[in-house]
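Read the structure below first, then the notes.
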Amino acid sequence: MQDPAYAELTARLKRQFTLGTVAGLLGWDEQVNLPPDSVDQRAEQMALLAELMHAEISAPRVGELLAVLERSPDGLGEPLAGGGDHLSWLAPEQRVVVKQARRDHDRATKLPADFVRERAIHSSQAFHAWTAAKAKSDFAAFAPYLEKHVTLAQHEADLMGWGGRAYDYWIDQFDPGMSSAAIEELFAELKAGLVPLVRTITASPVKSATRLLQGFSVEGQRAFLHEVTGKLGFDFRRGRIDVSLHPFCEGSGADIRMTTRFDENAPLDALFSAIHETGHGLYEQGLPREHAGTALGMNAGMSWHESQSRLWENQVARSRAFWRSFEPRLRACFPTQLARISSDELYLAINAVKPGLIRVDADEVTYNLHILLRFDLERRLFAGALAVRDLPGAWDTQMQELLGLTPPDAARGVLQDVHWSAGSFGYFPSYCLGNMIAAQLWETARSALPGLEDDFARGDFARLLGWLRTNVHALGRRHETPEMVRLVTGRALSPQSLLRYLHERYGSLYLH
Ligand code: ZN
């Protein structure tokens with residue numbers, strides 16, 4: 001029989017989760033449908049929902065239930081905060097749920113209300129300051145806001161008991177179990193292999209010509225993209241895809257809302273954005289629905305989420321096998337636009353590599369270097385080894401070292417990303433860790449599923465999706481990031497799979 005305290009806790013977690021799905025839907029609507037003069041009401045709706053969600057998870061009753069569940073069965077032991085052996089009387093699955101609930105409850109209760117309010121107000125002001133500073137390429141105008149964001153981020157870590165390890169605290173928010181020191185080691189190894197590869201590709205006489213792809217009607221693109229994402233396994237009976245300025249994926253497995261954007265002269269952008277978001281959507285659709293709201297039905301963290309989007313976008317959809325199946329379909333949709341483009345030219349355009357200044361426009365090879373740069377700067381900022389005012393110089397030095405480029409202005413350099421304006425630190429590494437996990441999963445899946453790419457060539461992705469469902473999605477958030485990598489792939493997280501994959505794919509294209 002289920003413990004009544006446990007049953008009450010999960011019922012409360014489910015309410016919190018359901019409120020979150022309402023907020024997600026309103027956020028989706030804001031970016032997809034909202035009429036311009038309706039933003040004020042939407043802001044009020046979102047603020048009220050945030051308040052309700054905070055009240056749910058911080059409720060004193062949740063604290064009482066956690067204390068009961070964390071106490072030893074004889075009732076004598078003192079409740080201990082933060083998980084550990086004292087949870088051993090619970091079933092292993094219950095332990096996972098209680099630990100995550102403790103984590104969320106502590107975060108919601110340990111931060112004083114006036115601190116939370118101050119940070120919310122500052123985030124809003126800093127976002128507007130960043131928008132204006134970026135428009136004028138004026139880093140100095142944004143610097144004081146960023147300085148305050150760093151101070152607030154450090155203060156929060158102190159309040160949560162991570163004093164002196166503020167950057168680790170933030171990394172752990174996105175990827176439980178990861179640390180700055182561990183990432184530093186992984187990224188150094190990646191850098192040593194990746195910088196020479198990018199230099200060689202850049203020096204190659206082989207050049208891709210994406211500008212050949214012109215005049216692809218939005219209607220045609222939309223139809224093709226629906227066909228592709230449906231074949232990958234996205235369930236359109238519990239999800240949909242729309243258009244927004246910035247592509248994203250929102251919602252839960254029961255109702256996924258993805259977006260993409262269309263440009264008649266950049267058809268690969270819409271397609272690959274959609275496939276990327278589909279990877280996120282497939283993950284959410286594969287999480288155990290019966291556990292929605294608890295850690296057992298929750299994604300494993302940002303790196304794991306990103307590994308799913310990158311695996312489908314890159315390892316799968318940029319492969320020769322994938323295009324053996326879809327190239328004839330694309331040509332049938334766009335016969336005139338593709339009439340003078342050979343298969344090799346099309347495949348090269350799909351796998352174009354060109355160092356650039358802007359992270360969000362980067363190809364899958366150079367993208368990682370953009371993340372190495374941001375991680376290094378964030379790490380030094382939080383270690384007190386770099387001052388905010390010195391960021392532009394440090395940015396440009398790293399950009400030259402990693403990508404051989406110098407930004408002509410701050411808008412295309414240190415001011416390009418929205419993350420720091422929102423006080424979001426420790427998030428960037430997830431993108432690159434996600435690429436590493438994707439490559440490691442790819443090696444594991446390929447050896448577990450012989451002939452996998454023959455499936456792709458037939459437009460069949462069911463075996464890969466089934467493997468991910470069983471080996472990744474079904475796990476929910478049972479394990480911390482590094483532990484889950486070891487469990488699923490049989491090896492510790494390492495950049496070597498990613499380097500092997502990039503050499504294999506891009507070596508055959510660019511290095512003859
Ligand atoms: Zn993503």
Side-chain angles (χ1 to χ4, degrees), residues 24 27-28 31-32 170-171 173-176 178 183 225 228-229 232-234 239-253 255-261 266 268-287 298-318 350 358-372 374-375 416-420 422 424-442 461 464-465 468 472-473 477 481 484-485 493 498 501-502:
W28 165 84
Q31 295 198 53
V32 173
W170 286 103
I171 288 168
Q173 295 300 309
F174 303 113
D175 290 308
M178 289 304 297
I183 295 172
L225 177 158
V228 170
T229 50
L232 293 178
F234 185 78
R240 50 182 291 141
I241 183 158
D242 292 272
V243 173
S244 68
L245 193 56
H246 303 288
F248 65 91
C249 175
E250 177 60 72
S252 69
D255 184 0
I256 283 289
R257 305 299 173 99
M258 312 189 291
T259 65
T260 190
R261 58 182 170 198
L268 297 176
D269 279 4
L271 178 65
F272 280 92
S273 291
I275 296 172
H276 179 99
E277 302 307 338
T278 297
H280 285 303
L282 288 171
Y283 184 20
E284 291 288 333
Q285 287 186 337
L287 293 169
M298 211 176 265
N299 69 71
M302 283 320 302
S303 294
W304 271 100
H305 227 307
E306 201 62 17
S307 79
Q308 299 304 292
S309 56
R310 302 288 174 133
L311 179 70
W312 290 103
E313 176 192 357
N314 296 326
Q315 276 81 7
V316 175
R318 293 186 202 276
I350 287 160
I358 308 298
R359 176 184 61 87
V360 294
D361 295 336
D363 56 80
E364 68 160 325
V365 186
T366 59
Y367 188 94
N368 299 291
L369 298 175
H370 289 269
I371 299 306
L372 265 48
R374 286 156 180 78
F375 167 74
Q416 67 180 264
D417 299 308
V418 69
H419 301 59
W420 289 343
S424 181
F425 305 104
Y427 188 101
F428 283 122
S430 303
Y431 297 121
C432 185
L433 296 172
N435 282 336
M436 288 185 197
I437 297 174
Q440 217 160 307
L441 282 175
W442 178 237
F461 304 91
L464 178 61
L465 183 56
L468 291 168
V472 177
H473 305 177
R477 189 172 282 220
T481 306
M484 182 155 153
V485 171
L493 179 58
L498 177 59
Y501 156 75
L502 293 174

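Start at 1 and go down the list; that is how both ligands and their atoms are numbered. Any value given below was found using the heavy atoms of this structure, including those in side chains, with hydrogens, waters and symmetry copies removed.
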Short side-chain donor-acceptor distance under 3.5 Å, His280 and Glu306: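 Result is yes, a qualifying pair exists.
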Approximate separation, where rounding is to 0.5 Å, of Met178 CE and Ile183 CD1: 4.5 Å
Euclidean distance, His370 NE2 relative to Cys432 SG, rounded to 0.5 Å: 11.5 Å
Quiz item: cation-pi between Arg359 and Phe428, 6.0 Å / 45°: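 No, a cation-pi geometry is absent between Arg359 and Phe428.
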When you measure from the Zn ion (ligand 1) to the N, O or S atoms of [X], does any of those distances fall below 2.8 Å?
X      : answer
His280 : yes
Glu306 : yes
His276 : yes

